[in-house]
There are 2 protein chains.
Amino acid sequence: MAVTIKDVAKLANVAPSTVSRVIADSPRISEATKRKVNEAMGKLGYHPNLNARSLASQSTQTIGLVMPSSGDVVFQNPFFPTVLQGISEGAHEKKYALHMTTGKSEKETLEAVVEMVQGKRVDGMILLKSKVEDKIISYLLKRNFPFVLIGKPYKNVEEITHVDNDNFRAMQEATEHLIMQGHHQIAFIGGCLELVVTVERLLGYERALRNAGIELKNEYIIHEEFLREGGQEAVKELMSLENPPTALVVVDDFMALGVLNTLDELGISVPEDISIVSFNNVLLSEMVKPPLTSVDINIFDLGYQASKNLIQKIENSDEPIKRIIIPHKLIERSSCCHLKNK
Amino acid sequence: MAVTIKDVAKLANVAPSTVSRVIADSPRISEATKRKVNEAMGKLGYHPNLNARSLASQSTQTIGLVMPSSGDVVFQNPFFPTVLQGISEGAHEKKYALHMTTGKSEKETLEAVVEMVQGKRVDGMILLKSKVEDKIISYLLKRNFPFVLIGKPYKNVEEITHVDNDNFRAMQEATEHLIMQGHHQIAFIGGCLELVVTVERLLGYERALRNAGIELKNEYIIHEEFLREGGQEAVKELMSLENPPTALVVVDDFMALGVLNTLDELGISVPEDISIVSFNNVLLSEMVKPPLTSVDINIFDLGYQASKNLIQKIENSDEPIKRIIIPHKLIERSSCCHLKNK
DNA sequence: TTGAAAGCGCTAACAC
DNA sequence: GTGTTAGCGCTTTCAA
């Protein structure tokens, strides 16, 4: 068996509780015994058993996370690793670890969460996306379990600490950027409408058009899970409309790359024939041709603030509900240009 | 306080141990009490405390993982998420969870591992890369703690279960592919030489050239951590040699994209002026222009097999040491062509 | 400032 | 088949 607190206590000639106090760096312990105990720990190569500690102290110093299931589109693009990196960084700073599981279905995912929460494996949870009707959120809310959502909750906004971009404004600005370049025929290429982020951005797009007195056209709005094949068709259809768009807003750089390829096949050049603004500003966006004008939403920070704030909440149970808005920024590159008058 | 096994026992009029047996689905328990207990669990909304279980049973059903630290290049490309996805999938199938931490330095990383291992937070570990001198490996080996390495160990190959590609052959074949297309001046663009994978591939490259009776040139071999700026210079230098290469092998698609851009700037076209074979075959490789001929190394499977085999090892302590080679495959696209005779 | 002792919630060996 | 009981290794009152 491994070396325990008792072994250390024996060697240092103190009680186990004293050792425990030394570990916790309790103030009311003499320097002398502190040294004595530390020495014994060193000599024995002692390391606390964290399960025992968690059991006794009802805290785990770990944050729970549910990964998007394999096969989820999310995985093919850098959002997930980057946000994870941010989460991990924030956790690491406060000496928290991460505990993750996957769920293939919504049911499995919920089960995974229940297991973590009721199984006392984690002190808090970070949720990576908010569905329109989210059982996980209801569950956590009901149990009053600390969690932070990355993204905007569909409901109960006032009760949920969340970190998000101002996706409405971000998309509005992206659209306005195109409008200011003279574009009136601007199409929206977005993802799954069940995701709140898509809804928000769509609204921002619509607002920008409306503000500019531009008529909304249903056929200019596309929702595709796509990477590869899926979207190709949609883009082709879009471009063969009677009045094809002269500009596109695309909700993700990776999608934009797919769009770029389809346009290339169609012999349409960017930005000469059509302008594009996309989102996320991942490394990719500056490496493709043409480099993409893209809205940087600070993915890393989204994750970093999520774990940072979750930990605050864990450690101080009457921390107020917060809404943290991570700033975005339009990074101009070469995929947009002024609409030439015809 | 949460509902415990005792509450269930009381309600079902049985002993706590009986409840425990029902949970473990012990064979020697009557259907009647099984039902009775299950009913009580349902009624109370019981969920086992996993810390208590781990403490008592000395097992956690979780796998440890150390993430590449933020800032690590690894994060900017899809290798990490994909391998994580594979690991997660394999773990999920056997109802294992993942526990992860980050380390910024080698020292921190080792500490993180020690904490997981001695802290009894995990039953086994997956290592994502093998350094030439790897303290983590020595540590785990010394403690005889179950672990699986993704990649090839630098030493102690016979004692370490690892899952890897045959990187030597993969690179040899990639190089031969170019040689068969008439190329003799083939440069190698690789990553950090401290990583065993780089060494292996370099050897495969050299073997292919040697087999074909082609002289090795030092100036044809580049090692760059690069993405962006770093590599640009290197590629420019390479192309301004007296005898610039007519083909490149690049160890990563993402790097290849960087190379592609630099070449474009130099007015060199692919594949007309220079051919490229890269590695990993991530989605990106078919989306860039020109689509990259790339060696698919089955990243997902690397992760999947790693957790699969780690779990076997955890559950059966005299499982033999294994070496699992994941097949690779050259996917031909448009970044290579026959060398025109001059 | 330190020690003794009672749990945290579970499993498992042993008894019946 | 089921109950009793002794831990797993730690934290945390309560006393001294």
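Convention: sequence-line order gives letters A, B, ...; per-chain numbering from 1.
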Task: Listed nucleotide nearest any side-chain atom of A/S57, set D/dT12, C/dT11, D/dG9 - done: D/dT12

Open item on the list: Without decimals, in angstroms, what is the distance between A/E115 CD and C/dC10 P?
Closed with: 13 Å

TODO: Grab the CG-C1' distance between B/L55 and C/dA12 for me, whole Å please.
DONE: 13 Å

Open item on the list: So, does A/S20 get its side chain near the phosphate of D/dC10, meaning an N or O under 4.0 Å from OP1 or OP2?
Closed with: no

TODO: Starting from P on D/dT4, measure out to NZ on B/K6 and report it in whole angstrom.
DONE: 12 Å

Task: Side-chain heavy atoms of B/L84 within contact of A/M100, under 4.5 Å - done: yes

- [ ] Respond yes when some side-chain nitrogen or oxygen of B/S30 is under 4.0 Å from OP1 or OP2 of D/dT2, and no when none is.
- [x] yes

Open item on the list: Between B/S30 (side chain only) and B/T33 (backbone N and O only), is there a donor and an acceptor less than 3.5 Å apart?
Closed with: yes

Extract from the structure each pairing of a protein N or O with an N or O of nucleotides 14-16 of chain C at less than 3.5 Å, listing the distance.
none

Task: Separation of D/dT5 C1' from B/I5 CD1 (nearest whole Å) - done: 14 Å

Task: A/K107 bridged to A/E111 by N-O distance under 4.0 Å - done: yes

TODO: For the side chain of B/T18, starting at C-beta, report the closest nucleotide among C/dG3, C/dC10, D/dT2.
DONE: D/dT2

Task: salt_bridge(A/K104, B/E93) N-O dist < 4.0 Å - done: no

- [ ] Look at all strands and tell whether B/P16 reaches a base, only sugar-phosphate, or nothing, counting heavy atoms closer than 4.0 Å.
- [x] nothing

Open item on the list: Using the side-chain heavy atoms of B/I29, tell me which of these nucleotides is nearest: D/dC10, D/dC8, D/dT2.
Closed with: D/dT2

Task: 5′-ward residue of the pair B/A52/B/K34 relative to DNA chain D - done: B/K34

Open item on the list: Measuring to OP1 and OP2 of C/dT11, would you say a side-chain N or O of B/S17 lies under 4.0 angstrom away?
Closed with: no

Task: C/dT2 OP1/OP2 closer than 4.0 Å to side-chain N/O of A/T33 - done: yes

Task: B/Q58 CD - D/dG9 C1' separation (whole Å) - done: 9 Å

Task: Distance, rounded to the nearest Å, where A/N49 contributes CG and C/dC10 contributes P - done: 17 Å

Task: Check ion pair A/D134-A/K155 (N to O, under 4.0 angstrom) - done: no

Task: Spacing of B/N51 atom CG relative to D/dG9 atom C1', expressed in whole Å - done: 12 Å

Task: Between P of C/dT1 and CZ of A/R35, the distance in whole Å - done: 14 Å

